[in-house]
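Everything on this sheet refers to the single structure shown next.
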Amino acid sequence: VLYTDQPPLYPTLLALLDLGGLDPIDASGLLNALSFGLILFFSGKWLHQVTHSRPWALVAPLVLLVSFPLLRLFFMAWTEPLFIALIVGSLFALDRFLRRDKLLDLVGSGALVSLACLTRYMGVAAVAAGLLTLLLRRHPSRAQKLITMGIFGFVAVLPTSIWLIRNLLVGGYLTSFSTSTPRTLAKNLG
């Protein structure tokens, strides 16, 4: 059976941990714990990066640590915890790029967004947000903006594009959504 319905990262990670001897349910718990730790780490690091205050940098992780809506996700074998961790990490790296203008931060942000897209297709919203953020920067020239947008966009969409082309070649459609009944804007808003 060909796997073409969803992005491949989460089930691939579960399969790799299964090869290491972990049951997929236990593996999902390990991935969730790692994702939660990364969310707390990047949130605190990001707040410290913005405020330069250690007390405030501790506030974000502590608030997240007791956030019931977030915590409830971590008791399920879902893609959301990994997706959230990748998005928070990519936003941290993008903010770092905006502050330091280092290529490594830009590529890191794009790479984390690409992994988020390979976890959930809705990661494409983070690609759009990143491109818009880079476009709206105040100081760089138009050429610099286009170059940074090109680098970020290329890194962010290449792996998922390859996956979607593979789906098209082996399954005849990009995603399972391609074969479903089209939905109207009114139905989606509902």
Side-chain angles (χ1 to χ4, degrees), residues 5-14 16-17 27-51 56-137 148-164 174-175 177 188:
D5 290 347
Q6 300 293 327
L9 185 60
Y10 188 74
T12 300
L13 291 174
L14 290 179
L16 288 173
L17 290 170
S28 72
L30 179 64
L31 281 176
N32 285 355
L34 179 63
S35 298
F36 192 56
L38 288 172
I39 291 167
L40 296 177
F41 172 78
F42 280 124
S43 298
K45 193 86 168 141
W46 193 4
L47 199 55
H48 186 265
Q49 180 174 282
V50 172
T51 65
W56 281 111
L58 291 174
V59 168
L62 290 175
V63 168
L64 292 173
L65 194 57
V66 295
S67 168
F68 180 72
L70 185 62
L71 286 174
R72 130 191 126 139
L73 295 176
F74 291 88
F75 292 104
M76 305 291 187
W78 290 345
T79 59
E80 281 85 347
L82 179 61
F83 179 77
I84 294 168
L86 293 167
I87 292 295
V88 171
S90 72
L91 291 172
F92 168 77
L94 184 60
D95 183 59
R96 197 171 165 127
F97 169 75
L98 296 174
R99 294 172 186 283
R100 301 179 345 160
D101 204 29
K102 302 272 185 185
L103 182 63
L104 185 61
D105 294 324
L106 179 67
V107 171
S109 178
L112 289 167
V113 167
S114 76
L115 292 173
C117 289
L118 287 172
T119 304
R120 295 182 59 90
Y121 288 131
M122 70 174 12
V124 73
V127 176
L131 291 171
L132 185 61
T133 300
L134 294 169
L135 176 67
L136 297 177
R137 292 187 333 164
T148 57
M149 289 172 68
I151 292 168
F152 176 84
F154 179 77
V155 171
V157 302
L158 181 65
T160 303
S161 298
I162 292 169
W163 175 255
L164 293 175
L174 295 175
T175 70
F177 305 117
N188 282 332

query: So with a 6.0 Å cut-off around CG of Leu104, is the heavy-atom count from everything else above 12?
result: no

query: If we only count heavy atoms from C-beta on, is the Asp105 to Leu94 side-chain gap below 4.5 Å?
result: no

- prompt: Which atom names give the shortest non-hydrogen contact between Gly108 and Ala93, and what distance separates them?
  reply: C-CB, 4.3 Å

- request: Could you grab the distance from atom CZ of Phe92 to atom CG of Leu112, nearest 0.5 Å is fine?
  value: 10.5 Å

statement: Closest non-hydrogen contact found for Asp101 with Arg137 is OD1-NH1, 3.7 Å

- request: Start with the C-alpha gap between Cys117 and Trp163, add the side-chain angles, then the distance that decides, and say whether side chain to side chain contact (heavy atoms under 4.5 Å, CB included) holds.
  value: CA-CA 10 Å; Cys117 289; Trp163 175 255; over 6 Å; no

- prompt: Do Asp95 and Lys45 sit within salt-bridge range, that is, some charged N less than 4.0 Å from a carboxylate O?
  reply: no

field: Any residue meeting side chain to side chain contact (heavy atoms under 4.5 Å, CB included) with Ala128, in chain and number order, not counting sequence neighbours
entry: none

query: OG/Ser43 to CG/Leu40 distance, rounded to the nearest 0.5 angstrom?
result: 6.5 Å

message: As a quick check of understanding, evaluate side chain to side chain contact (heavy atoms under 4.5 Å, CB included) for Arg120 and Glu80, giving each step before the final call.
response: CA-CA 8 Å; Arg120 295 182 59 90; Glu80 281 85 347; 3.4 Å; yes

query: Hey, are the side chains of Val124 and Val157 touching, using non-hydrogen atoms and a 4.5 Å cut-off?
result: no

Shortest non-hydrogen contact between Leu82 and Ser35, atoms and distance: CA-OG, 3.3 Å

query: Is any side-chain heavy atom of Leu58 closer than 4.5 Å to a side-chain heavy atom of His48?
result: no

Distance, nearest 0.5 Å, that separates CD of Gln6 from CG of Leu118: 12.5 Å

- prompt: So, for Phe152 and Ala126, which heavy atoms are closest and what is the spacing to 0.1 Å?
  reply: CZ-O, 4.2 Å

task: Go through Leu71 and Phe36 one step at a time and tell me if the side chain to side chain contact (heavy atoms under 4.5 Å, CB included) criterion holds.
output: CA-CA 9 Å; Leu71 286 174; Phe36 192 56; 3.5 Å; yes

- prompt: Hey, what do you get for OG (Ser28) to CZ (Phe75), rounding to the nearest 0.5 Å?
  reply: 12.0 Å

- line: Checking Leu86, Leu91, Val88, Leu47 against Phe42 for side-chain contact (heavy atoms from CB on, under 4.5 Å), the one that qualifies is Val88

field: Worked check of side chain to side chain contact (heavy atoms under 4.5 Å, CB included) between Thr148 and Phe97
entry: CA-CA 10 Å; Thr148 57; Phe97 169 75; 3.6 Å; yes

- prompt: Between Leu31 and Pro81, is any pair of side-chain heavy atoms under 4.5 Å apart?
  reply: no

Side-chain touch Met122/Phe83, heavy atoms, less than 4.5 angstrom: yes

- prompt: Side chain of Ser67, backbone of Leu64: donor and acceptor closer than 3.5 Å?
  reply: no

Closest approach of Met149 to Leu131 (non-hydrogen atoms, all atoms of both residues): O-CD2, 3.3 Å

task: Report the distance from atom OG1 of Thr51 to atom CD of Gln49, rounding to the nearest 0.5 Å.
output: 10.0 Å

- prompt: So do the side chains of Pro61 and Phe41 get within less than 4.5 Å of each other, counting heavy atoms only?
  reply: no

task: Flag the pair Pro7 / Thr119 as yes when at least one side-chain heavy-atom distance between them is below 4.5 Å, and no otherwise.
output: no

query: Do the side chains of Leu174 and Tyr121 get nearer than 4.5 Å, heavy atoms only?
result: no

message: Looking at every non-hydrogen atom in both residues, tell me the closest pair between Leu134 and Leu106 and how far apart they are.
response: CD1-CD1, 3.9 Å

